[in-house]
Amino acid sequence: MPEHEFRFWPDVGDRAEIDYALVWRPEPGLLASLPNLKLIVGLGAGVDALLEDSTLPRTVPLARLVDPYMTDAMSEYVVFQVLRLHRQDIDYLNQQRARIWEEREQQNAAERRVGILGFGTLGQDCGRKLKAIGFEVLGWSRSPHEVPGFATYSGPAGLGEILARSDILVCLLPLTPQTEGILNAGAFARLPPGAAIVNAGRGRHLVEAELVPALDSGQLSGAVLDVFREEPLPADHPFWAHPRIVVTPHVAAETHPPTAAAIIREEIRRFETGLPLQNQVDRARGY
Ligand code: NDP
Ligand code: OXD
């Protein structure tokens with residue numbers, strides 16, 4: 001964008017000269033300190049950290065990043081982790097460490113149901129790819145959606161139904177006041193015994209203290225976690241060493257500058273020509 005001058009925080013010079021802010025987790029109050037800000041573009045798919053800043057300028061539009069490259073990355077991650085759980089990889093790795101040669105009973109994907117909490121851009125793409133492997137896929141969203149080929153559920157009433165039917169539960173929700181803490185003891189108890197979870201949404205979706213008891217009692221058979229309440233995950237956190245938890249360092253779908261740049265350029269051009277933004281965040285909804 002040769003017509004624009006780019007300044008990199010903290011060397012932004014006169015704050016009154018900033019028109020557009022491209023941000024991931026700016027310190028609270030920073031965006032409010034830019035008096036002529038016209039547009040905020042989040043450099044990730046989730047904007048929870050931005051919306052939690054009570055000083056975020058109310059009238060400045062906020063866009064998030066929706067990048068097919070990231071969507072593919074998330075689907076790779078979810079498909080890989082669902083297959084890991086489905087093929088009992090956690091058990092086989094624990095057996096290998098103990099030098100135990102023991103076959104475990106194995107189902108085919110068609111006999112396993114995968115429930116996806118958050119059946120939006122990422123959730124639906126993961127769903128299509130899991131379905132192509134043979135899994136029965138169910139999706140849960142806030143508003144009702146008919147998605148051919150999938151059983152869909154919505155709202156608080158639909159949550160119990162999808163939980164009861166999910167052998168593997170994947171969380172791809174945005175973090176909002178309604179979704180915070182959704183992965184809790186009550187939800188685990190509603191899953192079929194021995195179900196497993198994948199959380200690639202946000203750390204605060206999970207009530208961390210309630211996960212280990214659910215795993216230790218056998219109600220859950222495994223958990224794959226990419227996101228945590230505190231990142232990096234503290235070195236003394238019990239999740240690191242638990243034999244039924246897989247930890248990855250918030251890498252499921254990272255922002256990819258070569259593709260993200262073109263999408264952000266297009267968003268700014270649309271703003272400048274008065275076209276609706278492609279990925280404007282609905283602040284009332286919180287995502
Ligand atoms: P979308 O906005 O496209 O989809 C969100 C989905 O969640 C929608 O189906 C929406 O329902 C549903 N939802 C929102 N609130 C509720 C609720 N209260 N009850 C039920 N369903 C709800 O978001 P994306 O798919 O692009 O991204 C989802 C999240 O994934 C991001 O917000 C971020 O937290 C996380 N993420 C994590 C990454 C990682 O590396 N770990 C990378 C990228 C994203 P409806 O369809 O009715 O609106
Ligand atoms: C995102 C993320 O929201 O990487 O984009 O978590």
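As a basis for the values below, the full set of heavy atoms in this structure was taken, side chains included, without hydrogen atoms, waters or symmetry mates. All ligand and atom numbering here is 1-based and tracks the order in the structure.
Salt bridge status for K38 with D19: present, with a side-chain N to carboxylate O gap under 4.0 Å. Under 4.0 Å is where a charged nitrogen must lie from a carboxylate oxygen, and between E3 and R269 at least one such pair does. Looking at R265 and E267, no side-chain N of the basic residue comes within less than 4.0 Å of a carboxylate O on the acidic one, giving no salt bridge.
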| field | Verdict with reasoning, Y287 to D282, per side chain to side chain contact (heavy atoms under 4.5 Å, CB included) | value | CA-CA 6 Å; Y287 63 98; D282 179 335; over 6 Å; no

| task | Using the ring pair (Phe, Tyr, Trp, His ring centres under 6.0 Å) rule, take F228 and H237 through it: C-alpha gap first, then chi angles, then the decisive distance, then the call. | result | CA-CA 11 Å; F228 303 88; H237 198 289; 7.1 Å; no

| field | R283/L62 under side chain to side chain contact (heavy atoms under 4.5 Å, CB included): CA gap, chis, key distance, verdict | value | CA-CA 8 Å; R283 293 197 190 201; L62 167 63; 4.0 Å; yes

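Listed by number with element, the atoms of ligand 1 under 4.0 Å from a non-hydrogen atom of D226 are 39 (C), 40 (O), 41 (N). For ligand 1, the atoms lying closer than 4.0 Å to a non-hydrogen atom of M74 are 37 (C), 38 (C), 39 (C), 41 (N), 42 (C). Close contacts between ligand 1 and A252 involve ligand atoms 39 (C), 40 (O), 41 (N) [criterion: under 4.0 Å to a heavy atom]. Set against the non-hydrogen atoms of A45, the atoms of ligand 1 under 4.0 Å away are 43 (C), 44 (C). Atoms of ligand 1 found under 4.0 Å from any heavy atom of H250, numbered from 1 in the order shown, are 39 (C), 40 (O), 41 (N). Listed by number with element, the atoms of ligand 1 under 4.0 angstrom from any heavy atom of A200 are 35 (C), 36 (N), 37 (C), 38 (C), 39 (C), 41 (N). Within ligand 1, the atoms closer than 4.0 Å to a non-hydrogen atom of T179 are 15 (N), 16 (C), 17 (C), 18 (N), numbered from 1 in the order shown. Here is the list of ligand 1 atoms found below 4.0 Å of a heavy atom in Q178: 18 (N).
For R142, heavy-atom contacts with ligand 1 shorter than 4.0 Å involve the backbone as well as the side chain. Using a 4.0 Å cut-off between heavy atoms, H145 contacts ligand 1 through its side chain alone, with no backbone atom that close. Contacts between V66 and ligand 1, counted as non-hydrogen atom pairs separated by less than 4.0 Å, are absent for every part of the residue. Of all the heavy atoms of T121, the ones lying under 4.0 Å from any atom of ligand 1 are found in both the backbone and the side chain.
Considering V251, L122, D282 only, the shortest heavy-atom separation from atom 25 (O) of ligand 1 involves L122. Among G46, P156, G201, the residue whose heavy atom lies closest to atom 35 (C) of ligand 1 is G201. Summarising the contacts of atom 7 (O) of ligand 1 with C171, P174, G123, G120, the nearest heavy atom is found in P174. When the options P177, S143, G286 are ranked by their closest heavy atom to atom 47 (O) of ligand 1, first place goes to S143.
Cluster membership check: F150 shares its hydrophobic cluster with V170, using side-chain heavy-atom separations under 4.5 Å among Ile, Leu, Val, Met, Phe, Trp and Tyr.
Using a 4.0 Å heavy-atom criterion, the residues that approach ligand 2 are W24, G44, A45, G46, M70, R202, H250, A253.
No side-chain heavy atom of W140 sits less than 4.5 Å from a side-chain heavy atom of I116. Under the 4.5 Å side-chain criterion, counting only non-hydrogen atoms from C-beta, D48 is not in contact with L51. In this structure, R113 and P192 have side chains that are in contact, with non-hydrogen atoms separated by less than 4.5 Å. Here the side chains of L31 and L37 are in contact, with some heavy-atom distance below 4.5 Å.
Of the protein's non-hydrogen atoms, W140 CH2, 3.3 Å is the one closest to atom 19 (N) of ligand 1. Looking only at heavy atoms of the protein, atom 28 (C) of ligand 1 is closest to L172 O, 3.3 Å. In terms of protein heavy-atom proximity, atom 13 (N) of ligand 1 is closest to L173 CD2, 3.6 Å. Of the protein's heavy atoms, A253 O, 3.3 Å lies nearest to atom 42 (C) of ligand 1. Protein heavy atom nearest atom 33 (C) of ligand 1, with residue, atom name and distance: R202 NH1, 3.6 Å. Atom 26 (O) of ligand 1 has as its closest protein heavy atom R64 NH1, 2.8 Å. With respect to atom 10 (C) of ligand 1, the closest heavy atom belonging to the protein is Y287 OH, 3.5 Å.
Across every non-hydrogen atom of G194 and S221, the tightest pair is O-OG, 2.7 Å.
Screening T259, T255, T121 for a side chain to side chain donor-acceptor pair (under 3.5 Å) with D67, the sole residue that qualifies is T259. Paired with I245 under the rule side chain to side chain contact (heavy atoms under 4.5 Å, CB included), one option of L215, L220, I90 passes, and it is L215.
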Less than 3.5 Å apart, which donor and acceptor atoms pair up between the side chains of residues 156-164 and the rest of the protein, not counting sequence neighbours?
none

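Sorted by first and then second residue, the salt bridge (charged side-chain N to carboxylate O under 4.0 Å, His left out) pairs with a member in residues 68-87 read D72-K129, R84-D89; sequence neighbours excluded. Counting only residues at least two apart or on different chains, the ring-ring contact (aromatic ring centres under 6.0 Å, His included) pairs with a member in residues 81-103 are H86-F135.
Backbone and side-chain nitrogen or oxygen atoms of F119 are examined, and one is located within less than 3.5 angstrom of a nitrogen or oxygen of ligand 1.
The closest side-chain donor-acceptor pair between H145 and S154, if any, does not fall under 3.5 angstrom.
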